[in-house]
Protein chains: 2
Amino acid sequence: MERKSFSDMSCSVAQCLEVVGEWWSMLIIRDAFMGVTRFDDFQRRLGISRNILQHRLVSLVDAGVLQKVAYSERPLRHEYRLTEKGIDLWPVLTAMRQWGDRHAAPDGPPVEVVHKDCGQAAVGRLVCEHCGRPMGARSVRAVPGPGYRAGRTPLEAVH
Amino acid sequence: MERKSFSDMSCSVAQCLEVVGEWWSMLIIRDAFMGVTRFDDFQRRLGISRNILQHRLVSLVDAGVLQKVAYSERPLRHEYRLTEKGIDLWPVLTAMRQWGDRHAAPDGPPVEVVHKDCGQAAVGRLVCEHCGRPMGARSVRAVPGPGYRAGRTPLEAVH
DNA sequence: TAGAGTAGGTTTCATGAGCGAACTGACTGC
DNA sequence: GCAGTCAGTTCGCTCATGAAACCTACTCTA
């Protein structure tokens, strides 16, 4: 059976997963953030099969997350670079990394992130854009937005 | 061939994906945040096959993200609730939702989140825990952390 | 006391996605 | 002319995914 698509779900989480929810996709994006751009470099670093890598790169390019740019004419060679849409995935990647650091890294984080502004190896925290106070699962509630379509009932968040 | 596991990668993103990277897992967790706890409710809301749902619930319970709690003895009935480890996935979910809202919701967000502290339908923003200033892909650089193991070379973030 | 309904699964089986490995084609450098 | 690099493509296998049917244990209604 074909893998079911999330694209007709009226939910932004599902739309995001439709683009980056495939096995390997987020790791390709992670490596792209680390500066990897070439097919063989992705393949070597990830240990992914070449055909799967090819599929993923094509679908990420189709989704507008990566762009394929020629860096040599003869021979014709391309590299894959994050678009702005791809760079906007940074908070997703960061949230995943921080969750992994906290719950699946007994020896401490394998990679730390230094904030250039203050020079500290720091953790990102989610705050409300409006009031600047912390925004956690228990401090919000979900309501239907302008793009809401029937069939999906937002409930109270976490009880 | 068996789907390759990410568990031996020295990377917290990979560890996170190992737990929630399967097709459907994040949507199950999203619904759990919306207050869904029962097998049949998950099944109906997601339109997922019952066997796949069963697999996912078992692996999320095994991973410690959900817990199975009896809410009735006769007949024996269980419900699935987020653990603290599961609730810690909120930033991941929020980042995905916000990315989807921005890049895949032409009619506006299907669901908005109201911050109880200020009453506004607000967006979460990632700031440095240390200095409080915004933390984006371009304002950080990756360095090896205490849990670093060879074979993985952190590079500069985004060029 | 029979029959319908509900909750939470389990089984079955066809399909297709993911896998490694080998191969291809276009080029460069020696 | 031969080795090496880069970016794929092809091949054949296996396992995960999917829908639908089935199962178990209990409750509710008549």
Side-chain angles (χ1 to χ4, degrees), chain A residues 1-9 14 17-29 31-32 35-63 66-81, chain B residues 1-9 14 17-29 31-32 35-63 66-81:
Chain A
M1 276 284 145
E2 197 175 327
R3 170 172 285 184
K4 200 162 178 174
S5 166
F6 299 152
S7 57
D8 55 345
M9 288 187 186
L17 286 168
E18 188 70 25
V19 173
V20 299
E22 298 270 5
W23 213 235
W24 292 113
S25 295
M26 278 309 285
L27 293 184
I28 291 171
I29 290 165
D31 275 10
V36 177
T37 58
R38 303 206 186 158
F39 189 91
D40 275 29
D41 290 340
F42 282 114
Q43 201 267 317
R44 265 191 294 271
R45 284 177 57 95
L46 295 171
I48 183 177
S49 314
R50 306 179 69 79
N51 53 352
I52 304 295
L53 176 59
Q54 170 60 6
H55 267 114
R56 290 295 169 275
L57 289 172
V58 166
S59 55
L60 290 172
V61 168
D62 286 351
L66 294 178
Q67 55 187 332
K68 199 172 175 179
V69 184
Y71 68 90
S72 151
E73 283 305 326
R74 298 180 63 78
L76 186 55
R77 290 276 185 276
H78 297 99
E79 58 182 12
Y80 296 89
R81 295 200 161 269
Chain B
M1 276 287 143
E2 197 175 327
R3 169 172 284 185
K4 200 162 177 176
S5 166
F6 299 152
S7 57
D8 56 346
M9 288 187 185
L17 287 168
E18 188 71 24
V19 172
V20 300
E22 299 270 4
W23 212 235
W24 292 111
S25 295
M26 278 311 284
L27 293 184
I28 292 171
I29 289 164
D31 275 11
V36 178
T37 59
R38 301 204 187 162
F39 189 93
D40 276 29
D41 291 340
F42 282 115
Q43 203 267 317
R44 264 190 295 270
R45 284 175 59 93
L46 294 171
I48 183 178
S49 324
R50 307 178 69 80
N51 52 350
I52 304 296
L53 176 59
Q54 170 60 4
H55 267 113
R56 290 294 168 276
L57 288 173
V58 166
S59 57
L60 289 172
V61 168
D62 286 352
L66 294 178
Q67 55 188 332
K68 200 172 174 178
V69 184
Y71 69 88
S72 152
E73 284 304 327
R74 298 180 65 77
L76 187 55
R77 292 277 183 274
H78 296 99
E79 60 183 11
Y80 297 89
R81 296 201 160 270

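Residue numbers begin at 1 in each chain, while the letters A, B, ... track the order of the sequences. This one's a predicted model, so the numbers in the text were calculated from it and none came from an experiment.
The backbone N or O of B/I48 sits less than 3.5 Å from a side-chain atom of B/Q43, completing a donor-acceptor pair. Put simply, the side chain of A/R56 gets close to the backbone of A/W23: a donor and an acceptor are under 3.5 Å apart.
For the pair B/H55 NE2 and C/dT10 P, the computed distance is 9 Å after rounding to whole Å. Note: CZ (B/R77) to P (D/dC26) measures 9 Å, nearest angstrom. Rounded to whole Å, the distance from OH on B/Y80 to C1' on C/dG8 is 8 Å. Between B/Q54 atom CD and D/dA19 atom P the separation is 16 Å, expressed in whole Å. Atom-to-atom, CD of A/Q43 to P of C/dA21 comes out at 11 Å; the value is rounded to the nearest Å. In this entry the distance linking NE2 of B/H78 with P of D/dC26 reads 13 Å, nearest Å. At whole-Å resolution of the value, CG in B/L53 and P in C/dT10 are 11 Å apart. With rounding to whole Å, B/L27 atom CG is found 11 Å from D/dG18 atom P.
Between D/dT17, C/dC19, D/dA21, one nucleotide has an atom nearer to the side chain of B/R50 than all others, and that is D/dA21. Distance from the side chain of B/I52 is smallest for D/dT17 among the nucleotides D/dT17, C/dA21, D/dA7. Here the side chain of A/W23 is nearest to one of C/dC19, D/dT27, C/dG8, namely C/dC19. Considering only the side chain of A/K4, D/dA19 comes nearest among D/dA19, D/dA7, C/dG9. The A/R3 side chain lies nearest to D/dG18 when the options are D/dG18, D/dT9, C/dG20. The side chain of A/E22 lies closest to C/dG18, out of C/dA26, D/dA25, C/dG18. Closest to the A/S49 side chain, of the nucleotides C/dG20, D/dG18, D/dG8, is C/dG20. For A/N51, the listed nucleotide lying nearest its side chain is D/dT9; candidates were D/dT5, D/dG18, D/dT9.
Distance check: B/R81 CZ to B/Q67 CD gives 8.5 Å after rounding to the nearest 0.5 Å.
Looking at heavy atoms from C-beta onward, A/R3 lies in side-chain contact with A/E22 at the 4.5 angstrom threshold.
Residue A/L60 comes nearest to A/V19 through the heavy atom pair CD2-O, 3.8 Å, listed as atom of the first residue, atom of the second, then distance.
Residue order along DNA chain C, read from the 5' end via each residue's closest nucleotide, puts B/D40 first among A/L76 and B/D40. Mapping A/Y71 and A/S5 onto DNA chain D by nearest heavy atom places A/Y71 at the nucleotide closer to the 5' end.
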